[in-house]
Amino acid sequence: MPTVSWRVSDPESAARERICQLRGEIEEHNRRYYEDATPTIEDREYDALYRELADLEQRFPGFSSPDSPTQRVGGAPLKAFSQVTHRAPMLSLDNTYSEQEVVEFYRRLERLLPNEKIPVVIEPKVDGVAVSLLYENGKLRYAATRGDGTTGDNITRNIRTIRSVPAQLKGTAPKLLEVRGEVFMDKAGFTKLNAAREEAGLPVFMNPRNAAAGSLKQLDSAITAQRPLGVVVYGTGAIKGAELEQHSKLFRWFKTLGFSAAEKWWVAESVEDTLHAIHELDRVRHAFAYQTDGAVVKVDLFAQRDRLGFTAKSPRWAIAYKYEAERVETRLLDILIQVGRTGVLTPVAALEPVTVSGSRVARATLHNEEEVHRKDIRIGDVVLLEKAGEVIPAVVAVRTDLRTGVEREFRMPKNCPECSSVVQKDAGQVAVRCVNAQCPAQLRRRLEHFASRGAMDIEGLGEAMVGQLVSHGLLHHVSDVYSLDAEKLVTLERVGEKSIKNLLDAIERSKTQPLWRLIFGLGILHVGVSASRALSRHFGSMDALTESSLEELQQIADVGDVVGRSIHAFFQEPANRELLKRLRSAGLRMIDDSPRAFSNQTSPFVGSTWVITGTLSKPRDEIAEAIISRGGKVSGSVSKKTSYVLAGQDAGSKLEKARKLGVRVADEARFREMLG
Ligand code: IVH
């Protein structure tokens, strides 16, 4: 019986599909968090997704990939700042909300360091933005964000405006010292800043962390200087000219050098004392000037840390325990409907404004109709609001005991609130969708996504500008972006000549963006950055992608069944084909001409199309990667256009078809020869 080695059994294919889906979702949340500073899920939810992915990758190591978000730290650096390579990488910590996992963490330490005393330090986890400060001979040379962990933004000018960061260290400073800490906006300053912004008609910041992130992103450091920022330092990176032995001695040392370090910390030598310190910290942390979202537990002795080492992303000698979020009560005044990029209608709670974990909240997403009914949320209810990780507010429960009988049940509208088209519910899905491709709300969202930093990166084409352009009838399709000109743009209110020029320049620049950004920018359901990169790499051109078969799509490592179906459906849609036609004639880049794909023009693989079949000695993904990295393509079905069929043992119908069509057949030995 012909077997195909890479066909996976059921639990495996389910795992692969879920892995792809999780990677897409996590990429998207990373982008929102790190690049836009506007996260849309709570830390806790993010952590749950991340964990699920990490678990699956551990259980199915065949599907692990260096591109997976579990293998990378944080987001890509911003463009506007120059880049700094950290002397020592900036890693992050494993997070947990469970005390049991703290117990397991300590037990693991005991297993790895048997018969030793293992003192650990418990200190506040400051909820801000990570920073690395480099001092040479006591002088601040530069300050950088974490970026991707290896390279970050050079934010020295902004950091110099923060009084708690010494420009010159006091006392005897080492020759070289990389100090790691967290930039925060203090809680009182945050409240004042938001009140002032509200009065000035400016958008308010979601929470102190976003405010700190936003302040550090300012290209004009005069603005940063006006923001109430501080830095708490908690560790070192590279160091020369000083020998450090234990973490608990750092707090005093940092202070003698002129830094601010945590005012409260504990040393414990047992799991019980560790938990006790975590509880103590929870009791006192609200009095701190800065927001905290947890406790960090770190092995105190550096010699022990060295022996414990690191995993790919985080040290084995530390863990972050996150506290449960603060809950507050408020009234649900109404449920509004928001229309998303793919037409999904999302119910949003309009709340009586209330302060949760340090920020004012008036809106909270309710996700979908089922969620509203599952939680039995009714308009007029008193609801419990939470901001896990102090980011996105969520309605977690209802005070049904306070009902008076006037509360109203929520029903999803039958028509889109933006364009009045009848809405549809896909079979087996919770989402309700407006299927009118011309719906102005969808168009706005699609344009916002297309122009966003992670996609085509068109600066100046944000939410407000898109809103104006659509309401003025200047944009009906995404491709209309490339027909904008100065004449059309002058008709907009409050848009000066300079902004018009900048916008048109940014639009022009976007035409040369790499293919994967365009693929991502199309906003295909479930297609995140890593799938877009994989598609660009695999097909090498928009043409090949557009014409790909469902089977071929589903066999790509970062794609899988659900995502494959969504991509296939997207390219079957005549309106989308029309869009691509217009984008092509606007001059956008439609091929992946990255040097990796076509570096060796003399290779027999360049421009060739391969079909892989039968049982081979290596996983199919690995073989496909070898072909693609040499400029070839891999297809799922044999046709006259196929250059080679790589036939392993027990190859069946595909080999037969190749013979019939006269397509060249290579066995594994021949293939290896060709690889050289
Ligand atoms: S230690 C090698 N200590 O939380 C690990 N981090 O994911 C170095 N943070 O990236 C981190 N307070 O930005 C450490 N007392 C503290 C911290 C802290 C806040 C941040 C930091 C880190 C993230 C953990």
Side-chain angles (χ1 to χ4, degrees), residues 30 33-34 37 39 43-44 46-47 50-51 54 69-70 72-75 86-97 101 105 120-133 143-150 152-153 155 159 178-185 207-210 212-213 216 230-239 244 247-248 250-251 254 259-267 274 277-278 281-282 285 288-300 302 304-306 308-323 389-391:
N30 279 350
Y33 184 104
Y34 288 105
D43 278 8
R44 194 190 177 91
Y46 177 90
D47 293 341
Y50 188 96
R51 272 197 168 212
T70 55
R72 283 174 284 128
V73 182
H86 304 302
R87 301 286 168 103
M90 286 181 85
L91 298 170
S92 63
L93 295 173
D94 278 342
N95 282 330
T96 181
Y97 288 89
E101 287 190 19
F105 165 77
V120 292
V121 172
I122 297 92
E123 63 186 54
K125 182 169 187 318
V126 182
D127 196 13
V129 181
V131 70
S132 182
L133 309 167
T145 61
R146 182 166 65 178
D148 62 7
T150 309
D153 291 331
I155 51 165
I159 289 292
E178 219 175 12
V179 179
R180 301 281 158 78
E182 199 83 356
V183 180
F184 63 88
M185 181 171 287
N207 54 46
R209 177 174 58 201
N210 282 354
L216 291 178
V231 173
V232 174
V233 298
Y234 53 66
T236 57
I239 183 160
L244 305 176
H247 186 70
S248 50
L250 285 186
F251 297 92
F254 279 145
F259 293 108
S260 306
E263 60 250 60
K264 272 273 181 199
W265 48 277
W266 294 258
V267 178
T274 303
I278 287 176
L281 173 58
D282 194 17
R285 70 193 177 103
F288 298 165
Y290 42 81
Q291 287 224 296
T292 50
D293 60 348
V296 183
V297 183
K298 302 173 176 172
V299 169
D300 190 25
F302 295 149
Q304 286 185 332
R305 286 188 185 184
D306 287 345
L308 291 163
F310 297 82
T311 65
K313 213 183 130 162
S314 43
R316 280 202 195 89
W317 43 260
I319 193 168
Y321 172 82
K322 293 228 197 163
Y323 295 113
E390 302 175 290
V391 187

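Start at 1 and go down the list; that is how both ligands and their atoms are numbered.
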Original post:
Under the salt bridge (Lys or Arg N to Asp or Glu O under 4.0 Å) test, which residues partner Arg180, sequence neighbours left out?
Top reply: Glu178

Original post:
Can you name the side chain to side chain donor-acceptor pair (under 3.5 Å) partners of Ser248, sequence neighbours left out?
Top reply: Gln246, Asp300

Original post:
Aromatic rings Phe254 and Phe259: how do their planes relate, parallel, tilted or perpendicular, breaks at 30° and 60°?
Top reply: perpendicular

**OP:** Look at the aromatic rings of Tyr290 and Phe288 and report parallel, tilted or perpendicular, splitting at 30° and 60°.
**Re:** tilted

Original post:
Any sub-3.5 Å donor-acceptor pair from Arg146's side-chain atoms to Ala130's backbone N or O?
Top reply: no

**OP:** Mind checking salt bridge (Lys or Arg N to Asp or Glu O under 4.0 Å) for Glu263 and listing every partner two or more places apart, or none if nothing turns up?
**Re:** none

Between the protein and ligand 1, are there any N or O atom pairs that come within less than 3.5 Å of each other, and if so, what are their names and distances?
unit_1: ligand 1; atom_1: 3 (N); unit_2: Lys298; atom_2: NZ; d: 3.0
unit_1: ligand 1; atom_1: 4 (O); unit_2: Lys125; atom_2: NZ; d: 3.2
unit_1: ligand 1; atom_1: 7 (O); unit_2: Leu93; atom_2: N; d: 3.1
unit_1: ligand 1; atom_1: 10 (O); unit_2: Arg146; atom_2: NH1; d: 3.0
unit_1: ligand 1; atom_1: 12 (N); unit_2: Val126; atom_2: N; d: 3.0
unit_1: ligand 1; atom_1: 13 (O); unit_2: Glu182; atom_2: OE1; d: 2.7
unit_1: ligand 1; atom_1: 13 (O); unit_2: Tyr234; atom_2: OH; d: 3.3
unit_1: ligand 1; atom_1: 15 (N); unit_2: Glu123; atom_2: OE2; d: 2.6
unit_1: ligand 1; atom_1: 15 (N); unit_2: Pro124; atom_2: O; d: 3.0

